[in-house]
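Here is the structure we will look at, set down as structure tokens.
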Amino acid sequence: MTTMTPARFIALTEAYGADRRRWPEAERATAEAFAARHPELVGQALADADGLDALLFASRPLQPSAALRDRVIAAAAVRQGRKTWRNRLGLAMGAGWAAAACAGVVAGVVLTDQFTANAQADAVLYQSMLVGVDDTEVLG
């Protein structure tokens, strides 16, 4: 459990208001203990926060006009139409990148097999000479 400082208590009232039920649960117990020890500071901070809470709750949320709502919906429809060809273009470009990557992998595998074929043949011949019978041993 952390200790409550005057600055922390004021920050909590500014962030969450005077009603401590809206505060984070982890802060409530320490805030209650702090309030019991410092009633003059707590009283002023809660009064300031309560005044702001009253103003906020008294204000009416703004409602958009019907004309603004219609303009936003129309603009969204236009943007959606533009997105369609962008989505198709993005899909085609993505498919092109995927095909290029696959072609690169195939080319790498094919070229690796061709380049290593000579090395593998040399290795087989070298190993066969190590275990095979030498002409000089046969002919003397």
Side-chain angles (χ1 to χ4, degrees):
M1 184 161 73
T2 61
T3 58
M4 184 67 60
T5 63
R8 179 67 183 149
F9 190 87
I10 291 171
L12 287 170
T13 59
E14 289 174 351
Y16 298 103
D19 187 2
R20 286 179 238 173
R21 293 176 296 182
R22 291 192 300 253
W23 292 17
E25 286 187 41
E27 303 279 354
R28 289 182 197 161
T30 54
E32 294 295 334
F34 182 81
R37 289 191 312 270
H38 305 284
E40 68 286 342
L41 174 78
V42 169
Q44 182 61 41
L46 290 177
D48 292 344
D50 195 37
L52 182 59
D53 286 349
L55 286 173
L56 290 172
F57 289 129
S59 66
R60 207 171 46 107
L62 296 175
Q63 295 295 325
S65 67
L68 176 62
R69 183 183 60 85
D70 293 341
R71 281 196 337 242
V72 169
I73 291 172
V78 169
R79 286 188 60 82
Q80 185 64 31
R82 287 187 208 148
K83 275 187 174 180
T84 303
W85 71 265
R86 287 183 191 159
N87 289 345
R88 290 181 185 150
L89 180 63
L91 184 62
M93 290 176 68
W97 278 101
C102 289
V105 169
V106 168
V109 168
V110 169
L111 290 176
T112 301
D113 284 346
Q114 288 180 356
F115 287 141
T116 58
N118 289 338
Q120 290 174 351
D122 289 342
V124 168
L125 288 175
Y126 176 73
Q127 290 174 355
S128 67
M129 288 188 332
L130 291 179
V131 294
V133 179
D134 192 10
D135 289 341
T136 57
E137 292 177 7
V138 174
L139 299 174

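Note that this is a predicted model, so its numbers are computed, not measured.
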V106: which residues meet the side chain to side chain contact (heavy atoms under 4.5 Å, CB included) condition with it, sequence neighbours left out? V110
Please report the shortest heavy-atom distance between A31 and W23, naming the atom on each side. CB-CZ3, 3.4 Å
For F57, what are the other residues in its hydrophobic cluster, where any two members join if their side-chain heavy atoms are less than 4.5 angstrom apart? none
Once ring pair (Phe, Tyr, Trp, His ring centres under 6.0 Å) is applied, what residue pairs with a partner in residues 24-47 remain, sequence neighbours excluded? F9-F34, F34-H38
Give the minimum heavy-atom separation between A18 and A49, together with the two atoms involved. N-CB, 3.7 Å
Quick test of your reading: applying side-chain hydrogen bond (donor to acceptor under 3.5 Å, both in side chains), list the pairs with at least one residue in residues 8-17, sequence neighbours left out, ordered by first then second residue. R8-E27
Nearest atoms (heavy-atom pairs only) where P39 meets A36: CD-O, 4.0 Å
Within one Ile-Leu-Val-Met-Phe-Trp-Tyr cluster: I10 and L52, side-chain cutoff 4.5 Å: no
Taking distance alone, no hydrogens or angles, what donor-acceptor pairs closer than 3.5 Å link side-chain atoms of residues 63-70 to residues at least two apart or in another chain?
from : atom 1 : to  : atom 2 : distance (Å)
S65  : OG     : L68 : N      : 3.2

Tell me whether E25 at atom CD has more than 12 heavy atoms from other residues, nucleotides or ligands lying less than 6.0 Å away. no
I need the full list of salt bridge (Lys or Arg N to Asp or Glu O under 4.0 Å) pairs touching residues 41-53, with sequence neighbours left out, sorted by first then second residue. R22-D53
More than 12 heavy atoms of other residues, nucleotides or ligands under 6.0 Å from CZ of R37: yes or no? yes
Which atoms form the tightest heavy-atom contact between R28 and R20, and what is the distance? NE-O, 3.3 Å
